[in-house]
Amino acid sequence: MRPSLLAAAALAAAFLLGGCSSLLNEDETIGWSAQKLYGEAKDAIGAKDYARAVKYLEKLEARYPYGRYAQQAQLEIAYANWKDGERAAAIAAADRFIKLFPNHPNVDYAYYLKGLINFHNQEVAMTWFTDADMSDRDPKGTREAFVALKEVVTRFPESRYAEDAAARMRYLVNSLASFEVHVARYYMKRGAFVAAANRAQYAIQNYPNSPAQEEAVLILVQAYDALGMEDLREGADRVMRANFPDSRYLKPGRGKETSWWRFWNLDR
């Protein structure tokens, strides 16, 4: 073979070998067992390298889809995605686990994790009380958190997560009730008295033990008064006096000729 052909062949062989070597080096996990992949993923989570953890866990699911590590990997994927700021992917992973393994011993954690993810998604929730127009706000994430945490409390009362889930539910109830009252107040300021009464009534019926109840009843009284619905106003007034006898709304410090519900305004 001529020298030029030998050189070309050698160069081609070098490219082929280099390409094979490059392919082999692209994926360090080739040949790893399920246990190895899971262990490396847990180490990555411990090091807060969540993106790397997700990569290992997804490879584990793809290569060993039927083993016990694959099931646990789905939960770890949900957690790692959440910690990595990938909220939608985290919730999708938790939902997938719940759907595929409804009777799994750790399904309570899947519900709890889903509740936590929504619970901590406060960026949108924080705008509830600062936005000028509250009428079209929907605290969807908060409601979804409540539903998921309620599953833990009601279906798995012996779960290690039940106590914390219940505490978070109480907080969420107060948040949701406050939201409804805030919207009702918004409607009152703009003269939408029917809408205000409806939102106040919703808060009273759905969140009966929340701190926002007192103001919800106040708004109900004021809305009915503004609408000229005297019977309903008197009924709401009796509810206020019976349930909140020491309410500051009942002590306006004005003359008897002024009804307490006309003294207190909602410009707060």
Residue list, ring-ring contact (aromatic ring centres under 6.0 Å, His included) with Y112, at least two apart or on another chain:
Y161
Residues in ring-ring contact (aromatic ring centres under 6.0 Å, His included) with Y69, at least two apart?
Y38
Taking only residues two or more places apart in sequence, or in another chain, which ones meet S159 in a side-chain hydrogen bond (donor to acceptor under 3.5 Å, both in side chains)?
D108
Less than 3.5 Å apart, which donor and acceptor atoms pair up between the side chains of residues 43-56 and the rest of the protein, not counting sequence neighbours?
residue, atom, partner, partner atom, Å
D49, OD1, R52, N, 3.4
D49, OD2, R52, NE, 2.8
Y56, OH, E28, OE2, 2.6

Qualifying residues under ring-ring contact (aromatic ring centres under 6.0 Å, His included), relative to Y64, sequence neighbours excluded:
none
Applying salt bridge (Lys or Arg N to Asp or Glu O under 4.0 Å), which residue pairs with at least one partner in residues 62-79 are found, sequence neighbours left out?
D27-R63, K42-E76
Can you see whether R87 engages N118 through a side-chain donor-acceptor pair at a distance of less than 3.5 angstrom?
yes
With sequence neighbours excluded, residues passing side-chain contact (heavy atoms from CB on, under 4.5 Å) with A70
none
Pairs involving residues 152-167, ordered by first then second residue, that meet salt bridge (Lys or Arg N to Asp or Glu O under 4.0 Å) (sequence neighbours left out):
E151-R155, D164-R168
Salt bridge or not for E215 and R185, using N-O below 4.0 Å?
yes
Those residues at least two apart in sequence (or on a different chain) that pass side-chain contact (heavy atoms from CB on, under 4.5 Å) with Y202 are E180, N206, Y207
Does this structure show an ion pair linking D237 with R233, if we count only N-O contacts that are shorter than 4.0 Å?
no
Check ring-ring contact (aromatic ring centres under 6.0 Å, His included) between F101 and all other residues, then give those that pass, not counting sequence neighbours.
F97
Please list, chain by chain and in numerical order, all residues satisfying side-chain hydrogen bond (donor to acceptor under 3.5 Å, both in side chains) with K36, sequence neighbours excluded.
E40
Can you list the residues that meet the side-chain contact (heavy atoms from CB on, under 4.5 Å) rule with A62, with sequence neighbours excluded?
none
